[in-house]
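Some notes on the structure that comes next.
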2 protein chains.
Amino acid sequence: MTEQLYSRPGSRPDRRPRLQPNELRAWKAFLNAQASVLRELEADLVGQERLTLAEYDVLVQLALAPRQELRMTDLWEQVRLSRSGITRLVDRLARRGLTGRRPCPTDRRVTYAVLTAAGRERLRRATPTHLQGVRGYFIARLEPDQLERFTRSLEALASR
Amino acid sequence: MTEQLYSRPGSRPDRRPRLQPNELRAWKAFLNAQASVLRELEADLVGQERLTLAEYDVLVQLALAPRQELRMTDLWEQVRLSRSGITRLVDRLARRGLTGRRPCPTDRRVTYAVLTAAGRERLRRATPTHLQGVRGYFIARLEPDQLERFTRSLEALASR
DNA sequence: GGAATAAAGTTGCTCAGTCAACTATTGCAC
DNA sequence: GTGCAATAGTTGACTGAGCAACTTTATTCC
């Protein structure tokens, strides 16, 4: 994580790509920013609403979907999780009554995850907490006039 | 994750802090950037060197320490992990012969984690992979003239 | 239309991580 | 110096995630 191993100044000419000090600083800042913001945000959400970020995200996706339901696969595309991760997450939410499952009549391979009334209500309650977190731990710490540039840099980092 | 739940345009005046579209975009980009970069980087490191990022990080910290050893607590301060997480990570590395443990003679509560020769060698081998990852998935995707600003924004996000 | 291939979803296994409880040792107060 | 609080580290129980293997159903291709 620190200097020597990343760039040895004055060492031999080197085919290995080493990191410059400012690059290293950027990298560290990137790691720290993620850890910091997500940790704080998730702590609030779990502490106050018993929802992890991933669970919250699934509820949001369902709430936004046409009939408040999504095929597992579509959910998988929206949420950063493996297929089995989705299965289990929806399981968990279902056990708590926040989602349900509905088989698709036309394609018997597919299952819809459905937002229940309780799920909708839970989402409604959790949303202010989450938004306050995003505002407080993310937006508020950024210079408003840097937001645009910052966003573009972040977007450049996401692979295709 | 998408618009309606974050800001309802034209709804009643509202004490709840909602997100503006550009703020939402920034937030999404932040999440995606993290997921993307870490996933790619870690996949390389695990695939080629059987080391997770956290394990790599611990090896680096030890390599940089004075006698290539650190108290568990100091390690804990450097690496984003719980105390027991550190214990177990060092355990795992020790089982693979990459670290050792040494009791402190003056304070019998403390244990030093020590980098072994094998650990040093493994780190040496893994470093190019990691650096290529950081360069390829992070630095290379950023505009050089934005790096400084980007770093400052990231640093602003890390809580004290 | 039948065989091969692909897609959707779940399950078993394992792993890495957390929290809370615990032991052991040291430092501090008075 | 005794007693209490703080510090260092580990352990147990549990959780959330991934991968690989598997079942079932749909699609494609000849």
Side-chain angles (χ1 to χ4, degrees), chain A residues 31 34-35 38-47 50-59 62 69-96 98-114, chain B residues 31 34-36 38-47 49-59 62 69-96 98-114:
Chain A
L31 293 180
Q34 300 300 3
L38 289 187
R39 221 167 248 247
E40 296 171 295
L41 198 74
E42 181 127 22
D44 287 357
L45 209 52
V46 170
R50 301 283 135 195
L51 284 177
T52 64
L53 259 180
E55 289 165 348
Y56 179 80
D57 199 8
V58 163
L59 294 185
L62 292 179
E69 64 183 13
L70 278 176
R71 301 163 8 132
M72 300 299 273
T73 290
D74 297 333
L75 214 38
W76 171 71
E77 274 175 16
Q78 314 261 346
V79 179
R80 277 283 180 182
L81 224 53
S82 70
R83 275 195 147 78
S84 55
I86 294 286
T87 293
R88 295 197 159 110
L89 199 159
V90 171
D91 271 357
R92 245 177 295 143
L93 291 175
R95 251 179 272 126
R96 297 161 66 185
L98 306 181
T99 59
R101 277 193 160 85
R102 188 173 76 76
C104 172
T106 71
D107 184 338
R108 302 198 348 217
R109 291 171 303 180
V110 339
T111 310
Y112 286 93
V114 195
Chain B
L31 293 180
Q34 194 244 13
S36 228
L38 290 188
R39 219 167 248 247
E40 296 171 296
L41 198 75
E42 181 127 22
D44 287 357
L45 208 52
V46 170
E49 307 291 341
R50 301 283 131 194
L51 284 178
T52 64
L53 259 180
E55 288 165 349
Y56 179 81
D57 199 10
V58 163
L59 294 184
L62 292 177
E69 63 181 15
L70 279 175
R71 300 161 12 132
M72 299 299 273
T73 290
D74 297 333
L75 213 39
W76 170 71
E77 275 175 13
Q78 314 261 346
V79 179
R80 279 279 181 186
L81 223 55
S82 70
R83 274 195 150 80
S84 54
I86 293 286
T87 293
R88 298 203 154 107
L89 199 160
V90 171
D91 271 357
R92 244 177 296 144
L93 291 174
R95 253 179 270 125
R96 296 162 67 185
L98 306 181
T99 59
R101 276 192 159 85
R102 188 174 75 77
C104 172
T106 71
D107 184 339
R108 298 195 354 215
R109 290 171 305 180
V110 340
T111 309
Y112 285 93
V114 196

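Residue numbers start from 1 in every chain, and the chains themselves are labelled A, B, ... in the order their sequence lines are given, proteins ahead of strands.
Rounding to whole angstrom units, CG of residue B:L53 and P of C:dG17 are separated by 10 Å. Computed from coordinates, the B:R50 CZ to C:dT14 C1' distance equals 14 Å when rounded to whole Å. Spacing between atom CG of A:L38 and atom C1' of C:dT18 amounts to 16 Å, rounded to whole angstrom units. Note: CD (A:E69) to P (C:dG9) measures 12 Å, nearest angstrom. One interatomic measurement links the two molecules: CD of A:E77 to C1' of C:dG9, which rounds to 14 Å at whole-angstrom precision. Whole-Å rounding puts the A:E55 CD to D:dT15 C1' distance at 11 Å. Atom P of nucleotide D:dT25 and atom CZ of A:R71 are separated by 16 Å, given to the nearest angstrom. At whole-Å resolution of the value, CZ in B:R102 and P in D:dA8 are 16 Å apart.
Each of B:D74 and A:G85 lies near DNA chain D, and the nucleotide nearest B:D74 is the one positioned closer to the 5' end. Remark on DNA chain C: of its neighbouring residues B:R83 and B:P105, the 5'-side contact belongs to B:R83, judged by nearest-heavy-atom nucleotide. Comparing A:S82 and B:T73 against DNA chain D, the residue whose closest nucleotide sits nearer the 5' end is B:T73.
Partners of A:S82 under the side chain to side chain donor-acceptor pair (under 3.5 Å) rule, at least two apart in sequence or in another chain, are A:S84. Partners of A:R50 according to the salt bridge (charged side-chain N to carboxylate O under 4.0 Å, His left out) rule, which considers only residues two or more places apart in sequence or in another chain, do not exist here. Looking at residues two or more places apart in sequence or on another chain, you find no salt bridge (charged side-chain N to carboxylate O under 4.0 Å, His left out) involving A:R80. Not a single salt bridge (charged side-chain N to carboxylate O under 4.0 Å, His left out) links A:E42 to another residue, sequence neighbours left out. Listed by chain and residue number, nothing satisfies the side chain to side chain donor-acceptor pair (under 3.5 Å) test with A:Q34 (two or more places apart in sequence, or in another chain). Residues satisfying the side chain to side chain donor-acceptor pair (under 3.5 Å) test with A:R102, not counting sequence neighbours, are A:E69. Residues satisfying the salt bridge (charged side-chain N to carboxylate O under 4.0 Å, His left out) test with B:R108, not counting sequence neighbours, are none.
Counting only residues at least two apart or in different chains, salt bridge (Lys or Arg N to Asp or Glu O under 4.0 Å) contacts with residues 82-92 of chain A comprise A:E55-A:R92, A:D91-A:R101.
The line from CG of A:L53 to CG of A:D44 is 10.0 Å long, rounded to the nearest 0.5 Å. Atom CD of A:E77 sits about 13.5 Å away from atom CG of A:L81, to the nearest 0.5 Å.
Closest approach of B:V90 to B:L75, counting heavy atoms only: CG2-CD2, 3.9 Å.
Across residues 86-94 of chain A, A:T87, A:R88 each have a non-hydrogen atom less than 4.0 Å from an atom of DNA chain C (numbered order).
Side-chain contact check for A:T73 versus A:V110: every heavy-atom pair is 4.5 Å or farther apart.
Residue A:R80 is out of contact with every strand shown, counting any heavy-atom pair closer than 4.0 Å. Note on B:S84: a base of the nucleic acid sits closer than 4.0 angstrom, heavy atoms only.
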Listing time: all N or O pairs from protein to nucleotides 22-25 of chain C that are below 3.5 Å?
residue, atom, partner, partner atom, Å
C:dT25, OP1, B:R108, NH2, 3.1

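Distance from the side chain of A:V110 is smallest to C:dG9 among C:dG9, D:dG18, D:dG9.
Dashed line: the shortest gap from a side-chain N or O of B:R39 to OP1 or OP2 of D:dG18 is under 4.0 Å. At the phosphate of D:dT10, OP1 or OP2 sits under 4.0 Å from a side-chain N or O atom of B:R101.
Using five terminal pairs a side, the axes of the helix from C:dG1-D:dC30 to C:dC30-D:dG1 at its two ends make an angle of 30°, given in steps of 10 degrees.
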